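Comments concern the structure below.
The sequence lines fix the lettering, A, B, ..., with proteins before strands; numbering per chain opens at 1. None of the values given here were measured: they were computed from a predicted structure.
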Protein chains: 2
Amino acid sequence: MANETGMGLRERKKLATWQAIRDAALRLIDRRDFDAVSLDEIAEAAGVSRTTLFNYFASKEAIVLDPAPQDPQLWRSLMDARPERETLWASLQAVHLGYVSTFSDRLVLQKRLKTVSPTLAASTREHAARFKRELRDWIADRAPSGSEVYAELAVNTAGAAMATAYTLWSPDDGFDRLMELARTCFEQAGRGFTAP
Amino acid sequence: MANETGMGLRERKKLATWQAIRDAALRLIDRRDFDAVSLDEIAEAAGVSRTTLFNYFASKEAIVLDPAPQDPQLWRSLMDARPERETLWASLQAVHLGYVSTFSDRLVLQKRLKTVSPTLAASTREHAARFKRELRDWIADRAPSGSEVYAELAVNTAGAAMATAYTLWSPDDGFDRLMELARTCFEQAGRGFTAP
DNA sequence: GAAGAATGTTGGACTTGATTCAAATTTGTC
DNA sequence: GACAAATTTGAATCAAGTCCAACATTCTTC
């Protein structure tokens, strides 16, 4: 029995549960420390059993860091939106900037959490890696064979540019400042480091 | 009562225990999977209690990944060895190449383990970050104030270059091939990505 | 070299994240 | 309403990591 959203009850409930768990977790962790909040508490607060929680998230960190179910599709459309004839480097910049924009809302909270909890900071890197994997696959089609090193390096360097901007950025600066920093970094990395 | 090594008995025993634990762990993990080897087994094989094991290593991953006690000092001397007037980029390349050379022996085993065990692969990144932190501190002195963005970006890009080489490298290729790849990556990243 | 201080080691109890599984519940379909 | 498929659940279990008080070893001092 489908409704206006085009989803069955089952699917809608699933999304609601996902949201309930994430919301409960963020609310609890916002007050106390990440490590001080137990899975039982989160499950309790989300009105779900601990077992179910693991049906939705692979780990405690994932509850905070996992992209929303819609996000990956969004990323792909970001990549597909890039014109064929655009420079690899220009595409990479555009995709990265678009990428962080997809969760500009969560970004401030997440960065704050990460500065406090090393556990979270560590597994964030794992997440960046997941995005990078998608990027790589996407690049693989565009890159002429024989340029694997160049393509891989470009992807990683773009990641470094973005990471640099993110590191230097403070949540208090506001989101636009992050974009500005990112653009600066991409420009500089694009120029290279050999010349003074 | 000091001996020829200049270390007291206490210090010597400590190093021996550290080595015993790492050796036991690597030996066990070399046969079975990382996750299939329990801390109890490692402690047992190293002839030490589980509690003691945690006196030496902060986590299970650390047993495999921690740098040898001497290593950090080695890194610092690598950095200090760079001539004052060398380009930042050239210094970064030299330090990175020297860095991986310090554990060229472990490198093959470690990379093999990492391809099998995601757990290990994840926490490797955390280790790279530690080295990067040291680098940053070192750079901070050299970089003229006002160029924080540039310095941070250079460090991260150098890391990206090294990571790219490492990713594309296969343990079967031998260590020299890794060096070769690294040089190529540094050269390309140094040139930048704006020009075709 | 004996006594005492400092440093390490140990076992055991405990917390918590994560896995497994069969029974119970809910949703979709005819 | 009845049956099949997908979800949820509690309970049992495992392993990583922490804490702590008792014990052992090394270092220092006289």
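With B:F34 as the aromatic partner, B:K60 meets the cation-pi criteria of under 6.0 angstrom to the ring centre and within 45 degrees of the ring axis.
Here the side chain of A:K13 is nearest to one of C:dT26, D:dG17, C:dA18, namely C:dT26.
Classification of the B:F193-A:Y150 ring pair by plane angle, with boundaries at 30° and 60°, yields tilted.
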Legend entry - Worked verdict on B:L181 versus B:Y166 for side-chain contact (heavy atoms from CB on, under 4.5 Å): CA-CA 8 Å; B:L181 271 168; B:Y166 183 71; over 6 Å; no
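At distances below 3.5 Å, at least one donor-acceptor pair connects side-chain atoms of B:R22 with backbone N or O atoms of B:D66.
Side-chain N/O atoms of A:E152 and B:T164 include no donor and acceptor closer than 3.5 Å. In this model, a donor atom of one side chain and an acceptor atom of the other lie less than 3.5 Å apart for A:R191 and A:Q188.
Sorted by residue number, the list of members of residues 24-32 of chain A with any non-hydrogen atom under 4.0 Å from DNA chain C is empty. Contacts between residues 46-60 of chain A and DNA chain C, defined by a heavy-atom separation below 4.0 Å, involve A:R50, A:T51, A:F54, A:S59, A:K60, listed by number.
Using a 4.0 Å cut-off between a side-chain N of Lys or Arg and a carboxylate O of Asp or Glu, B:R136 and B:E148 do not qualify as a salt bridge.
A distance of 9.5 Å separates CD of A:E84 from OG of A:S91, quoted to the nearest 0.5 Å.
In this structure, the CG atom of A:L15 is 13 Å from the P atom of D:dT7, given to the nearest Å. Atoms CZ (B:F34) and P (D:dA16) sit 8 Å apart, rounded to a whole Å. Between B:I63 atom CD1 and D:dA15 atom C1' there is a gap of 13 Å when expressed in whole angstrom units. A:D35 places its CG atom 10 Å from the P atom of D:dT18, with the value rounded to the nearest Å. The distance between atom CG of A:L39 and atom P of D:dA16, rounded to the nearest whole Å, is 17 Å. In this entry the distance linking CZ of B:R12 with P of D:dT25 reads 17 Å, nearest Å. One atom, CD of B:E44, and another, C1' of C:dT10, lie 14 Å apart when rounded to the nearest Å.
Between B:I63 and B:I29, the closest side-chain pair of non-hydrogen atoms is not below 4.5 Å.
Comparing A:T17 and B:D40 along DNA chain D, the residue whose closest nucleotide (by nearest heavy atom) sits nearer the 5' end is A:T17.
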